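Below: the structure, in structure tokens.
Since we're looking at a predicted model, the values are computed, not measured. Hydrogens, waters and symmetry mates are skipped; everything else that's a heavy atom, side chains included, is used.
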Amino acid sequence: MAVPRDVARTAVGILGNIISIILFMSPMPTFIQIFKKGSVEQYSPAPYLATLINCGLWVLYGLPMVHPNSILVVTINGAGAVIELVYLLLFLRYSDRRKKLRVLLIMLAECVILAVLALLVLTLAHTTKVRSTTVGSIAMLGNIMMYASPLAIMKMVITTRSVEYMPFSLSLASLANGICWTTYALIRFDPFIAAPNGLGTLFGVAQLVLYATFYKSTKKQVLERQGKGEMGLAATTTSGLDPKKNKQCGPEWSCFICKWLLINSVMWAFPWAWPY
């Protein structure tokens, strides 16, 4: 017995909602690290900024007055927008002043773009076909931008031969999400959903290939940094210097020794904070 197309589409859409929630939640380990370290380090806000405007565009696309019968598109992207806002607020909390200002300006620009687009589409376009074509075309570009945003991180992975700043969970969730929503769009053909998610599937595969390629070199670099930290600790111990007794040294040597001890102690305690 054949499953009705609408039932199959709804079932895949629900599965897509579940996978997308996993995708939206996948950066949680990254933000837990940021919270513990009190710094965003080299993590980029680009994926979260791109995902925020992408979710806003798809919420607009799925509204009944724009593209009827797309409630599952609205629910998942509405939830995604809220989650991305929380991530960006955390990113702002632990960013330096320059990066914080840049992220705030981009967020403001995205809000203005969404508001202007909604106003123009709902007032100037008088049929759902025209509205869905207009918003769908723009949303498709936003979706491609969301999937392509890790390209900057992928470039850094190739340059440094390290996947330390490209979370595996995010790459895997992106691949699964692309596959699911491509299937959803093919059941009742929707080119605006099919095209970007098909491309997103390819980007997801590329990220996993990079992860498999540079995983071993990443582990090696981490071990080397840890070894340097241990050597620094050993040098501090064998020198017989006690930071509490440095006041007996001359002013110049006292300053030098204090700095030397501090740097080596930090290298040992926080090896991830130092360049390769």
Side-chain angles (χ1 to χ4, degrees), residues 3-21 23-24 46-85 106-151 173-205:
V3 178
R5 180 178 296 183
D6 288 341
V7 174
R9 186 171 183 265
T10 301
V12 174
I14 293 172
L15 179 61
N17 271 242
I18 295 171
I19 294 176
S20 294
I21 285 291
L23 172 63
F24 291 135
Y48 314 108
L49 289 166
T51 305
L52 178 63
I53 191 170
N54 173 73
C55 288
L57 289 168
W58 285 109
V59 167
L60 180 59
Y61 177 80
L63 293 176
M65 66 284 291
V66 176
H67 193 265
N69 304 316
S70 300
I71 188 64
L72 291 175
V73 176
V74 175
T75 55
I76 187 55
N77 285 286
V82 173
I83 293 171
E84 297 307 315
L85 277 173
I106 295 174
M107 290 176 67
L108 179 62
E110 290 182 351
C111 291
V112 171
I113 289 170
L114 289 172
V116 170
L117 178 63
L119 181 63
L120 291 176
V121 167
L122 295 177
T123 55
L124 298 181
H126 302 292
T127 64
T128 55
K129 183 177 180 180
V130 175
R131 290 172 179 173
S132 61
T133 300
T134 303
V135 178
S137 299
I138 299 171
M140 182 172 65
L141 295 176
N143 216 11
I144 292 172
M145 187 171 66
M146 182 194 76
Y147 283 123
S149 60
L151 285 175
S174 295
L175 175 62
N177 187 68
I179 292 173
C180 189
W181 285 106
T182 300
T183 304
Y184 174 87
L186 291 176
I187 293 175
R188 180 187 288 175
F189 188 63
D190 187 332
F192 302 117
I193 296 179
N197 284 286
L199 185 60
T201 301
L202 295 178
F203 280 134
V205 171

Exercise. How close do Leu57 and Val135 get, heavy atom to heavy atom, and via which atoms?
Worked result: O-CG1, 3.8 Å

Exercise. Atom CD1 of Ile71 and atom OG1 of Thr75: how far apart are they, to the nearest 0.5 Å?
Worked result: 6.0 Å

For this session: Examine distances only and state if a side-chain atom of Asn54 and a backbone atom of Ala50 form a donor-acceptor pair shorter than 3.5 Å.
Result: no

For this session: If the plane angle is over 60° it's perpendicular, under 30° parallel, otherwise tilted; pick one for His67 and Tyr61.
Result: parallel

Seminar exercise, completed: CD1 of Ile76 to CD1 of Ile18, rounded to nearest 0.5 Å, is 9.5 Å

Exercise. What distance separates Asp190 CG from Thr182 OG1, expressed to the nearest 0.5 Å?
Worked result: 11.5 Å

For this session: Taking all non-hydrogen atoms of both residues into account, name the closest pair between Ile53 and Glu110 and its distance.
Result: CB-CD, 3.6 Å

Exercise. Distance only, no hydrogens: is a donor on one side chain within 3.5 Å (strictly under) of an acceptor on the other, for Ser20 and Trp181?
Worked result: yes

Seminar exercise, completed: Only one of Leu15, Leu175, Asn197 passes side-chain contact (heavy atoms from CB on, under 4.5 Å) with Cys180, and that residue is Leu15

Exercise. Ala194 and Leu186: which non-hydrogen atoms are nearest, and at how many Å?
Worked result: CB-CD2, 4.5 Å

Problem set entry | Closest non-hydrogen atom pair, Cys55 against Phe24 | SG-CZ, 3.7 Å

Problem set entry | Gap between atom CG of Leu60 and atom OG of Ser132 - 0.5 Å precision | 11.0 Å

For this session: Provide the closest heavy-atom pair for Pro196 versus Met140 in the form atom of the first, atom of the second, distance.
Result: CD-CG, 3.5 Å

Exercise. For the residue pair Gly178 and Thr201, what are the closest heavy atoms and their distance?
Worked result: C-OG1, 3.2 Å

Exercise. Distance from Leu85 atom CG to Thr51 atom OG1, nearest 0.5 Å?
Worked result: 11.5 Å

Exercise. When you measure from the side chain of Arg131 to the backbone N and O of Met65, does any donor-acceptor pair fall under 3.5 Å?
Worked result: yes

Exercise. Once you round to the nearest 0.5 Å, how far does CD1 of Ile83 lie from CG of Asn77?
Worked result: 11.0 Å

